[in-house]
Q: 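Mind looking over this structure? Questions follow.
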Protein chains: 2
Amino acid sequence: MVTGSRTHDDSRPTATELGVGARLSLYPMTDDFVAVILGALAGVDETGLQVVTDDVSTYIGASTTPDTVTEMGRYITAVVKGAAETTSTGHVVAILLLSRGCPGEVSCESDGVPLPPPDSGPMGLQPAGVVAAAHWSVYPLDSSDHMGAIDQAVLQAQRQGTFTRGEHYVTRLDGDLSEVITTIITGWLGAGPGHVTSHATISVGSPTDTGESV
Amino acid sequence: MVTGSRTHDDSRPTATELGVGARLSLYPMTDDFVAVILGALAGVDETGLQVVTDDVSTYIGASTTPDTVTEMGRYITAVVKGAAETTSTGHVVAILLLSRGCPGEVSCESDGVPLPPPDSGPMGLQPAGVVAAAHWSVYPLDSSDHMGAIDQAVLQAQRQGTFTRGEHYVTRLDGDLSEVITTIITGWLGAGPGHVTSHATISVGSPTDTGESV
């Protein structure tokens with residue numbers, strides 16, 4: 001799980017060695033859900049990522065270079081967009097878990113060096129042409145001021161135009177699917193250093209109209 | 001949001017005043033998903049809980065008494081069981097977010113007093129008769145040793161017999177739906193004091209057979 005030589009002088013892996021990754025689940029609300037999920041996953045290039053699917057979710061492992069993190073965002077966006085466009089009822093939900101550090105059984109003790117943010121501001125994902133709503137949470141687990149770090153992520157969402165409002169335990173985001181995923185990933189990346197996770201429920205085409213979606 | 005008189009001598013709300021709660025989303029993989037979701041939510045007694053549904057999820061607010069937390073577990077189990085039993089394809093996923101403290105815009109600064117665990121060991125939920133698999137994460141946000149607190153929650157899952165294995169970023173649980181939900185809720189309650197959240201993806205009837213489900 002941990003590869004590469006270590007150049008620092010203690011035994012803890014660097015944040016880069018711990019890597020980053022995601023778990024993605026797709027829920028197309030249709031009788032034909034198996035074909036939609038398999039088609040969406042098969043239709044997207046996995047180059048540079050480690051993709052493993054089981055019966056609950058798909059693991060997407062990535063290195064910590066800005067290019068690879070952007071590639072992970074592009075992959076997630078393309079899979080959800082593909083499912084949304086092939087679901088007969090139009091309603092698809094994606095569940096996304098992002099984690100920096102702590103894969104599998106590896107110790108979580110990083111050296112505290114923050115990961116580099118993606119350098120294409122922000123991320124440069126192409127618009128998906130799919131409107132999405134999300135409930136989003138960020139968890140800075142090593143932080144002495146986790147609420148301050150969460151506030152910074154929410155302020156960034158406001159600057160990016162995807163913030164709708166705070167809800168109990170989550171932030172409501174609305175926008176183009178690419179914009180929503182950009183907010184989720186860049187907010188998570190910025191909430192370090194250390195072990196930071198993020199969860200999002202991303203909903204496309206819900207028949208429940210709140211009148212507040214963009 | 002914060003009610004009741006405070007008897008301690010500073011301005012921070014107690015953990016009890018901050019309360020606990022959940023966000024629950026149901027994803028029945030069927031064309032008829034709207035009727036399944038509405039039927040499952042309508043068929044369960046909400047007494048003692050605050051239940052609010054929007055287009056992404058259902059908020060379930062509870063007080064911190066053991067009885068009310070057990071009631072929340074009973075409600076969640078009954079809703080997921082109801083959806084599983086009325087979905088024509090048999091495949092339903094529930095997404096569960098649990099949080100102790102930090103509702104809405106209320107400050108997260110509790111007085112650090114741990115919430116009482118449920119006193120019916122453990123919880124006393126009736127078997128659901130529905131087999132479930134879950135990916136589960138616990139996030140102790142105020143802890144100086146969050147990985148130690150997570151390890152304790154995983155050990156408890158092993159004692160309860162629902163632990164299957166560690167995966168990247170999550171713990172895999174299998175068992176009767178009631179047993180899986182008991183592990184998720186009691187593991188979350190035990191990972192305090194302070195602000196603790198937990199996320200679980202609970203899958204019933206996935207057509208993907210890993211050969212490892214119970």
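Values below: all heavy atoms of this structure, side chains included; hydrogens, waters and symmetry mates excluded. Predicted model only: the values in this text are computed from it and were never measured. In what follows, chains are A, B, ... by sequence order, proteins preceding strands, each numbered from 1.
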Q: Under a 4.5 Å cut-off applied to non-hydrogen side-chain atoms, are Asp55(A) and Arg172(B) in contact?
A: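 The answer is yes, as the side chains (C-beta and beyond) meet within the 4.5 Å cut-off.
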Q: Is any side-chain heavy atom of Ser206(B) less than 4.5 Å from a side-chain heavy atom of Val56(A)?
A: no
Q: In terms of heavy-atom pairs under 4.5 Å, which option from Thr201(B), Val93(B), Val170(B) contacts chain A the most?
A: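 Of the options given, most contacts go to Val93(B).
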Q: Please check if any side-chain donor atom of His146(B) sits under 3.5 Å from a side-chain acceptor atom of Tyr139(A), or the reverse.
A: no
Q: What option among Leu98(A), Leu141(A), Val36(A) has the most heavy-atom pairs under 4.5 Å with chain B?
A: Leu141(A)
Q: Name the member of Leu97(B), Ile202(B), Asp32(B) that forms the most heavy-atom pairs with chain A at distances under 4.5 Å.
A: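 Top option by heavy-atom pairs under 4.5 Å: Leu97(B).
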Q: I want to check something: taking the side chain as every heavy atom from C-beta on, are Asp54(A) and His135(B) in contact at a cut-off of under 4.5 Å?
A: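 Side-chain contact under 4.5 Å: yes.
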Q: With a 4.5 angstrom heavy-atom cut-off, could you sort out which part of Thr87(B) is near chain A: side chain, backbone, both or neither?
A: neither
Q: What part of Thr197(A) gets within 4.5 angstrom of chain B, counting heavy atoms only: side chain, backbone, both, or neither?
A: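 Contact with chain B is through the side chain of Thr197(A) alone.
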Q: Sort Val52(A) into side chain, backbone, both or neither according to what part of it lies under 4.5 angstrom from a heavy atom of chain B.
A: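 Contact with chain B involves no heavy atom of Val52(A) at all.
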Q: Going by atom types alone, do His91(A) and Tyr27(B) pair a side-chain donor with an acceptor below 3.5 Å?
A: no
Q: With distance as the sole test, does Tyr169(A) use its side chain to make a donor-acceptor pair with the main-chain N or O of Gly21(B) at under 3.5 Å?
A: yes
Q: Given heavy-atom pairs under 4.5 angstrom as the criterion, report whether the side chain, backbone, both or neither of Ile95(A) touches chain B.
A: side chain
Q: Please tell me whether Asp31(A) and Thr30(B) have a donor and an acceptor in their side chains that are separated by less than 3.5 angstrom.
A: yes
Q: Do Ile60(B) and His168(A) make a side-chain contact, defined as non-hydrogen atoms from C-beta onward lying under 4.5 Å apart?
A: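 No. Closest side-chain heavy atoms not under 4.5 Å.
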